[in-house]
Amino acid sequence: MPRRCGHCLRRPPWFDQARAPLRYDGEVAGLVQRFKFDASPRAGRVLLDLLVAGLSPTDLRWPHALVPVPLHPRRARERGFDQTRWLTLRLARQLSCPLAQARRSLDTRTQRGLDRGERRRNLRGAFHLIDRLPARVVLVDDVMTTGATLDALARACRQAGAEEVQAWAVARTPAGRH
């Protein structure tokens, strides 16, 4: 039986389960930052390997498609690197699983510094899917903080036909740090 946090008990998310094998702290936070902001493929490879090692063989066989959390095109141009797409492409190859494409249709402000409610409102209607989705999809992100981004994308995935949605992130921000 999956454990649910108090927030998820009060307001269940659109995804069914979340998996985040690492804590976003210390060395892991440094790796994520090098990967995300310096486009370090070495850091990305380590993070991908740690994600896969933290998932069960059943988890790894479960998805019918993987969906990376998309950046808005403007932010992708500014950053010059889409870390979540990079991770998801390699994970899809490793699992022999198709990649489904979502678009971030709203250019939302950064989630940094926003509380749970502000994050949820910031992302309302931000995502849409290009095609119909298969029954079981996994959303992939680098870091899960409050889950608002994954929740908004999961909602769009359900509207595009997904019956079951899991959220996988490399790391989870410790409670009380968001």
Side-chain angles (χ1 to χ4, degrees), residues 2 8 11-22 24 32 35-36 39 41 43-45 47-108 110-111 119-120 122-172:
C8 293
R11 185 182 180 279
W14 286 90
F15 52 84
D16 299 296
Q17 292 182 7
R19 303 269 193 265
L22 301 173
Y24 185 72
V32 170
F35 177 53
K36 190 173 192 166
R45 186 75 240 171
L47 292 168
L48 179 59
D49 289 346
L50 290 169
L51 171 63
V52 170
L55 297 168
S56 75
T58 302
D59 290 333
L60 297 171
R61 288 188 305 271
W62 187 84
H64 292 159
L66 301 177
V67 181
V69 172
L71 288 175
H72 186 272
R74 182 194 57 80
R75 188 155 302 141
R77 279 190 306 275
E78 284 174 3
R79 193 178 289 168
F81 177 65
D82 185 339
Q83 78 284 354
T84 303
R85 183 164 174 74
W86 188 97
L87 278 173
T88 310
L89 283 168
R90 282 150 186 81
L91 182 60
R93 263 189 247 127
Q94 193 169 337
L95 302 182
S96 298
C97 185
L99 192 69
Q101 204 56 49
R103 294 230 195 276
R104 193 174 200 133
S105 47
L106 296 178
D107 189 7
T108 58
T110 182
Q111 296 283 83
R119 285 171 180 250
R120 192 178 301 117
N122 189 40
L123 292 164
R124 193 170 291 135
F127 301 109
H128 73 274
L129 279 288
I130 310 304
D131 297 309
R132 295 286 300 162
L133 291 176
R136 296 191 321 238
V137 299
V138 167
L139 313 179
V140 181
D141 205 355
D142 55 348
V143 177
M144 181 177 182
T145 303
T146 65
T149 301
L150 292 160
D151 188 46
L153 183 54
R155 183 177 191 166
C157 287
R158 295 221 186 247
Q159 292 167 344
E163 295 169 18
E164 296 177 81
V165 180
Q166 288 189 12
W168 293 357
V170 174
R172 175 78 195 241

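A quick note: this is a predicted structure, and the numbers were derived from the prediction, not measured. Position 1 is the first residue of the sequence; numbering continues from there.
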State whether Arg90 and Asp49 are salt-bridged, where the test is any N-O pair (Lys NZ or Arg NE/NH1/NH2 against Asp/Glu carboxylate O) under 4.0 Å.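 Salt bridge: no.
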Is any side-chain N of the basic residue among Asp151 and Arg155 closer than 4.0 Å to the acidic one's carboxylate O? no
For [X] and [Y], which heavy atoms make the closest approach, and how far apart are they?
{"X": "Pro21", "Y": "Ala169", "value": "CD-O, 3.3 Å"}
{"X": "Val165", "Y": "Ala162", "value": "CG2-CB, 3.9 Å"}
{"X": "Trp86", "Y": "Pro41", "value": "CH2-O, 3.8 Å"}
{"X": "Pro63", "Y": "Cys97", "value": "O-SG, 3.7 Å"}
{"X": "Phe127", "Y": "Thr149", "value": "CE1-O, 3.8 Å"}
{"X": "Ala160", "Y": "Leu129", "value": "CB-CB, 3.7 Å"}

Determine whether [X] and [Y] make a side-chain contact, defined as any pair of heavy atoms from C-beta on separated by less than 4.5 Å.
{"X": "Arg85", "Y": "Leu71", "value": "no"}
{"X": "Asp131", "Y": "Gln101", "value": "no"}
{"X": "Leu48", "Y": "Leu91", "value": "yes"}

Value rounded to 0.5 Å, distance of [atom1] in [X] from [atom2] in [Y]:
{"X": "Arg93", "Y": "Thr88", "atom1": "CZ", "atom2": "OG1", "answer": "11.0 Å"}
{"X": "Leu153", "Y": "Leu139", "atom1": "CG", "atom2": "CG", "answer": "4.5 Å"}
{"X": "His128", "Y": "Arg104", "atom1": "NE2", "atom2": "CZ", "answer": "13.0 Å"}
{"X": "Asp142", "Y": "Thr84", "atom1": "CG", "atom2": "OG1", "answer": "4.5 Å"}
{"X": "Cys157", "Y": "Glu164", "atom1": "SG", "atom2": "CD", "answer": "13.0 Å"}
{"X": "Arg77", "Y": "Asp82", "atom1": "CZ", "atom2": "CG", "answer": "12.5 Å"}

Is Arg45 atom CZ crowded by more than 12 heavy atoms from other residues, nucleotides or ligands, each under 6.0 Å away? yes
Is it true that a side-chain atom of Arg158 and a backbone atom of Glu163 form a donor plus acceptor pair closer than 3.5 Å?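 Judged by distance alone, yes, a pair lies under 3.5 Å.
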Ala43: what forms a side-chain contact (heavy atoms from CB on, under 4.5 Å) with it, not counting sequence neighbours?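 Expected list: Leu31, Arg34, Phe35, Ser40.
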Between Val170 and Tyr24, is a side chain to side chain contact (heavy atoms under 4.5 Å, CB included) present by the stated rule, with each step listed? CA-CA 9 Å; Val170 174; Tyr24 185 72; over 6 Å; no
For the side-chain contact (heavy atoms from CB on, under 4.5 Å) test, which of Leu99, Val138, Asp141 pairs with Pro68?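 Running side-chain contact (heavy atoms from CB on, under 4.5 Å) over Leu99, Val138, Asp141 with Pro68 returns exactly one hit, Leu99.
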Could you go through the side chain to side chain contact (heavy atoms under 4.5 Å, CB included) check for Met144 and Arg19 one step at a time? CA-CA 9 Å; Met144 181 177 182; Arg19 303 269 193 265; over 6 Å; no
The test is side chain to side chain contact (heavy atoms under 4.5 Å, CB included); show your working for Val69 and Leu150 and say whether it passes. CA-CA 7 Å; Val69 172; Leu150 292 160; 3.7 Å; yes
Please assess Gln166 against Arg136 for the test side chain to side chain contact (heavy atoms under 4.5 Å, CB included), listing each intermediate value before the final yes or no. CA-CA 8 Å; Gln166 288 189 12; Arg136 296 191 321 238; over 6 Å; no
